[in-house]
Amino acid sequence: MDSRTEPAEAEPEPAAATRRPSPHSTAARPPLVRELLLVVGLFVVYKVGRQVADGHTAEAFRNANRVWDWERTLHLPGEGSIQGALLHSDTLVHLANAYYATVHFPATVAFLVWMYLRRPVHYVWARRILAAVTAAALALHLTFPLAPPRLLAAAGLVDTGQVYGPTVYGAHPATDEMANQFAAMPSLHFGWALMVAIGLIAATRPPVSHHHPNRDASRRPFRSRLRWLWLLHPLLTLLVIVGTANHYWLDAIVATALLGIALAVIRLPRGAGAAEARGPVAADETYDEADGAAGNSGGAGGAGEKESAPELVGARR
C-alpha cells in the first residue's frame with residue numbers, strides 16, 4: 001500500500017478582503033468637515049449658554065459665600081496659600097496669568113488635532129467625553145452661578161489679572177460682554193486639562209510585543225513612567241487657577257467628579273491603545289474583536305478550528 005499526499009490548494013481568506021480600515025487610514029477617521037462643524041457648534045452653544053447664565057450677580061455672591069464656608073467646613077487649604085507663593089515674584093504671577101489666559105483652549109485644540117491625526121479611535125472617545133463634561137458644566141453654570149474668589153471680599157484675595165495682567169475678564173463683571181465671570185463652578189480649565197492628560201496617557205500606552213515579550217517588558221517600565229508626565233499639565237493648571245483666584249478648590253473637585261462620571265459611562269474600546277500604537281494590522285484586529293468578529297478565517301470550520309490536514313490524493317491499497 002502506498003499513498004502520496006499533496007497539500008490542498010490554499011483558498012484566499014475572506015477576512016483579509018473584508019478587514020476594516022486601520023485607525024491610521026482615512027476611512028477610520030470621522031469626516032474632517034463634519035468634525036470641525038461639530039466642535040465649533042458645541043463651542044458656540046457653550047459660549048451662548050454662559051452668556052445666558054450671566055447677570056445673576058446677587059445669587060452668584062450668595063453662592064460664593066456658601067462655597068467659601070463649605071471649604072472651611074471641609075478643612076480644605078486656603079486659596080491664599082497658593083496665591084501668596086505667586087505674589088513673591090511679579091514675573092511668576094505674570095506668567096501664571098498668561099498661562100491662565102492663553103494655554104487652556106489652544107492646548108485642548110492641539111490635543112484633539114493630534115488625536116484625530118494619530119489616534120482616531122481615541123479622538124472620538126475624547127471628543128465625546130469633553131462634550132459631555134462641557135454640557136454638564138453648562139448646566140451647573142445655569143443652575144448655580146458662582147462668583148470667583150478674586151471677587152469675594154471674605155476671601156481677601158488679589159485679582160492678579162487686573163493688578164498684574166494679562167487678563168481675559170473686564171474690570172466690571174456685571175457688564176462684561178466677553179465672558180461670564182459668574183461661572184466659576186466647575187472649572188473647565190482644570191477639567192479639560194485633566195482630560196488632555198488622561199487621553200494622552202491612554203493614547204501613548206506602549207504596545208506589548210508578542211514576538212519579543214522579554215525585550216518589550218524591559219522597555220515598557222521606562223516608557224510607561226514618561227507617559228505620566230502629562231499629569232503635570234492639570235497639576236500646573238490647578239495651581240494657576242487657584243493662585244490667580246479665578247477658582248476655588250471645590251471648582252476643581254467638581255470638575256474631577258464630572259470627568260470621572262463621563263469616563264465611567266463613555267468607555268474606550270478595549271485594546272484600542274495598544275493596537276493603535278502597534279500599527280494598522282494590530283488595530284484592525286482590535287476593531288474585529290470589539291465587534292465579536294476576531295479570528296474569522298476562510299475555512300469552512302469557522303474561527304476556532306485548526307487548518308485541516310493535507311488532503312490525500314491518489315491513495316490506493
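No hydrogens, no waters, no symmetry mates; every other heavy atom, side chains included, goes into these values. Note that this is a predicted model, so its numbers are computed, not measured.
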Is [X] reaching over with its side chain to a backbone N or O of [Y], donor-acceptor style, under 3.5 angstrom?
X	Y	result
T108	H104	yes
R29	L117	yes
R227	L200	no

Decide yes or no on side-chain contact (heavy atoms from CB on, under 4.5 Å) for L250 and L74, but give the supporting numbers first. CA-CA 10 Å; L250 278 177; L74 294 172; 4.2 Å; yes
Please report the interatomic distance [atom1]([X]) to [atom2]([Y]), rounded to the nearest 0.5 Å.
X	Y	atom1	atom2	value
W68	T73	CH2	OG1	12.0 Å
L140	L258	CG	CG	6.0 Å
E79	Y248	CD	OH	8.0 Å
L76	I253	CG	CD1	5.0 Å
H233	L235	NE2	CG	11.0 Å
L268	L263	CG	CG	10.0 Å

Any link between [X] and [Y] through a network of hydrophobic side chains (Ile, Leu, Val, Met, Phe, Trp, Tyr) touching at under 4.5 Å?
X	Y	answer
L32	V124	yes
V109	I198	yes
F111	V133	yes
V163	L151	no
L95	Y169	no

Polar contact flag, side-chain donor to acceptor under 3.5 angstrom, R150-Q83: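 No.
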Side chains of T244 and N97, donor plus acceptor under 3.5 Å: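 Distance-only check fails for T244 and N97.
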Mark yes when over 12 heavy atoms from residues, nucleotides or ligands other than [X] sit less than 6.0 Å from its [atom1]; otherwise mark no.
X	atom1	value
R72	CZ	yes
W230	CH2	no
R267	CZ	no

Looking only at non-hydrogen atoms, find the nearest pair between [X] and [Y] and report the distance.
X	Y	value
H94	G165	ND1-O, 2.9 Å
A245	P149	O-CG, 3.3 Å
Y123	V39	OH-CG2, 4.2 Å
T160	G243	CG2-O, 4.2 Å
M115	G199	CE-O, 3.9 Å
L238	A252	CD1-CB, 3.6 Å

Distance-only donor-acceptor pairs under 3.5 Å for side chains of residues 183-195, two or more places apart:
from: S187; atom 1: OG; to: F190; atom 2: N; distance (Å): 3.2
from: H189; atom 1: NE2; to: Y100; atom 2: O; distance (Å): 3.1
from: W192; atom 1: NE1; to: T134; atom 2: OG1; distance (Å): 3.1

Derivation of the side-chain contact (heavy atoms from CB on, under 4.5 Å) call for W249 and I82: CA-CA 11 Å; W249 294 112; I82 304 298; 3.7 Å; yes
Answer yes when E35 and R127 have at least one side-chain N-carboxylate O distance shorter than 4.0 Å, and no when they do not.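 Judged by the 4.0 Å cut-off on N to carboxylate O distance, E35 and R127 do form a salt bridge.
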Could you walk me through whether N63 and F182 pass the side-chain contact (heavy atoms from CB on, under 4.5 Å) test, one step at a time? CA-CA 10 Å; N63 289 334; F182 300 137; over 6 Å; no
Yes or no on side-chain contact (heavy atoms from CB on, under 4.5 Å) for V103 and V240, after CA distance, side-chain angles and deciding distance? CA-CA 11 Å; V103 173; V240 165; over 6 Å; no
